[in-house]
Amino acid sequence: MSTQYTAVIWNREKKRYDRYLAGLIGLFLLAFCGLTLALQPEITAETLIIRATGTTALLLLHLTLMIGPLCRIDPAFLPLLYNRRHLGVTTFFFGLIHGVFNLIQFHSLGNVNPLVSLFTANVHYGSLSNFPFQVLGFGALVILFLMAATSHDFWLKNLGPKAWKTLHMFVYLAYGLLVMHVLLGVAQAEHSPVAIGFLGMGVVTVISLHLAAAFFGQRGQFTAAAGEDFVEVCGLADIEDKRAKVCLIGKENIAIFKYDGKLAAVSNICKHQHGPLGEGKIVDGCITCPWHGYQYLPENGCSPPPFTEKVSTYELKLVGDRIFVNPRPHPEGTRVEPVEIPRKHE
Amino acid sequence: MESIIQSFVTFLGVYAAAGIVFALPFSFWGAPRIDPAAKGSPLGFRLLLLPAATALWPLLLIKWIKALQT
Ligand code: HEM
Ligand code: FES
């Protein structure tokens, strides 16, 4: 959390994540190179590297873009989100290898600067079928670079969450540029239509997941009229032990936790990157954010020392087995006595 | 067209060179200035700041100067 920065925070979960990621990439590369060599034995090593790295980067970008909406549809996918920034940085590196090899292969032979050559080798900017698609790839690579370079928490904090989030929304622009890069590039190189087919499937998947998340993503959340003192949220049995129920009342996004025979309510929004605390679990007595593991004490919303993050807390009431919450937040870190659950309900 | 692109690429080169010159001192002295949590952090973390410090140097230079004034 915020005591000190380290280069990369690795823990068991993240190491496992990275191993799976490396394994997946390895398998894909093997399959891709194997198939390409079988179908085009005359292909040069450079071309193979260019195609394999470009395709891997685009595949990883698809995964990156699918994880967000998948998690909004079903929290079961949250573990995928946990270490998404490593996925993003890996995507950039594959894109970089692809781009650099292309610059060497196509643009470094003459005496023109390779970057100048990239922009001037083809100037049919007004033509669709001859459009300089490599410039689109370059634009996307710049965006991927900025995102990878600023992915450390230091930048999140010091550029401010708003600017950081805005920057990272450009991933959609990068995606659009890359779809055009590949469509135009493959069309101009007269490759097999198979590539276009796969790309089409990818685009349809990404778009439909985002639409589905927009329609069904609120499931499990609960909205009530604001302005009332206490608002009924759910029954005791609706919350699993060491878990939370999330409710949205007016503008307040609240997570109500049940643990050790008690109930406590805090803001659903993690101080780190606005992760959904209510989708996390109580671990060692602390609410633990499902995204990167920041922790908060349920009774006062404070991170355990030496950390200093604080979230708002809320008053709860238990009437029979119905849970009520007062949606007016207490200042961040205010202690609110947890509600004891009478024995007969346990 | 050719000359516009030539100047653009030259500009990029100058910008990046200035960024590289800026990034090292920033990651060692500037970062802890604008964010006390970065004081005494390990070398790996400081090296990790270099790419973004190179790319965003005008912005960070302003932040650094502001932090020096307070
Ligand atoms: C400086 C940046 C880039 C340049 C100069 C560039 C150049 C090229 C070229 C020349 C091709 C056609 C290769 C061929 O004939 O087979 C190509 C294809 C492709 N590029 Fe890029 N590209 C760049 C960035 C990117 C990035 C960042 C990605 C993905 C994240 C990407 C993904 C692809 C894919 C998937 C293909 C189609 C597969 C293939 O045939 O190679 N490119 N690129
Ligand atoms: S959002 Fe990163 S730990 Fe909560």
Side-chain angles (χ1 to χ4, degrees), chain A residues 1-10 85-86 89 92-93 96 103 107 110-126 132 134-135 138-139 141-160 163-164 167-168 170 272 306-309, chain B:
Chain A
M1 292 186 256
S2 67
T3 42
Q4 226 199 13
Y5 294 111
T6 47
V8 183
I9 305 172
W10 258 303
R85 68 180 79 186
H86 291 194
V89 174
F92 162 69
F93 275 113
L96 181 67
L103 284 180
H107 299 288
N111 45 11
V112 189
N113 177 319
L115 270 186
V116 176
S117 159
L118 171 69
F119 287 100
T120 50
N122 171 354
V123 287
H124 298 100
Y125 286 91
Q134 300 192 28
V135 172
F138 180 79
L141 190 60
V142 170
I143 296 175
L144 293 181
F145 163 72
L146 285 175
M147 289 176 36
T150 57
S151 64
H152 196 280
D153 277 354
F154 174 87
W155 297 112
L156 172 66
K157 182 166 159 210
N158 290 296
L159 299 175
W164 193 84
L167 174 65
H168 284 243
F170 275 97
H272 177 219
F307 303 111
T308 52
E309 281 75 19
Chain B
M1 188 73 189
E2 187 81 53
S3 69
I4 299 175
I5 290 168
Q6 183 72 58
S7 343
F8 174 68
V9 171
T10 310
F11 167 78
L12 270 188
V14 173
Y15 181 89
I20 290 167
V21 171
F22 171 83
L24 263 178
F26 174 81
S27 75
F28 283 89
W29 298 296
R33 242 318 153 170
I34 67 169
D35 183 353
K39 278 198 184 113
S41 43
L43 183 68
F45 165 73
R46 289 169 192 250
L47 297 182
L48 218 55
L49 297 182
L50 295 179
T54 305
L56 306 175
W57 68 265
L59 182 77
L60 299 170
L61 184 62
I62 293 173
K63 275 190 196 276
W64 193 356
I65 292 173
K66 277 198 185 141
L68 283 175
Q69 285 167 347
T70 53

Validation: residues 11-36 of chain B side-chain donor-acceptor distances under 3.5 Å, sequence neighbours left out:
{"from": "B:Y15", "atom 1": "OH", "to": "B:A55", "atom 2": "O", "distance (Å)": "2.6"}
{"from": "B:S27", "atom 1": "OG", "to": "B:L24", "atom 2": "O", "distance (Å)": "3.2"}
{"from": "B:D35", "atom 1": "OD1", "to": "A:K157", "atom 2": "NZ", "distance (Å)": "3.0"}
{"from": "B:D35", "atom 1": "OD1", "to": "B:A37", "atom 2": "N", "distance (Å)": "3.0"}
{"from": "B:D35", "atom 1": "OD2", "to": "A:Y5", "atom 2": "OH", "distance (Å)": "2.5"}
{"from": "B:D35", "atom 1": "OD2", "to": "A:K157", "atom 2": "NZ", "distance (Å)": "3.3"}
{"from": "B:D35", "atom 1": "OD2", "to": "A:N158", "atom 2": "ND2", "distance (Å)": "2.9"}

Non-neighbouring partners of A:H107 that pass ring pair (Phe, Tyr, Trp, His ring centres under 6.0 Å), sequence neighbours left out:
none
In terms of heavy-atom pairs under 4.5 Å, which option from A:F145, A:F154, A:F119 contacts chain B the most?
A:F154
Which answer fits [X], side chain, backbone, both or neither, if we ask what part of it has an atom under 4.5 Å from a heavy atom of chain A?
X	value
B:L47	neither
B:L60	side chain
B:L56	side chain

Just by modelled atom types, is the B:A38 backbone N or O under 3.5 Å from a matching donor or acceptor in the B:R46 side chain?
yes
Give, as side chain, backbone, both or neither, the part of A:L118 having an atom under 4.5 angstrom from any heavy atom of chain B.
neither
With the side chain counted from C-beta on, respond yes when A:T150 and A:H168 share a heavy-atom pair under 4.5 Å apart, and no when they do not.
yes
Tightest non-hydrogen contact, residues A:L159 and A:W164, listed as CD1-CD1, 4.5 Å
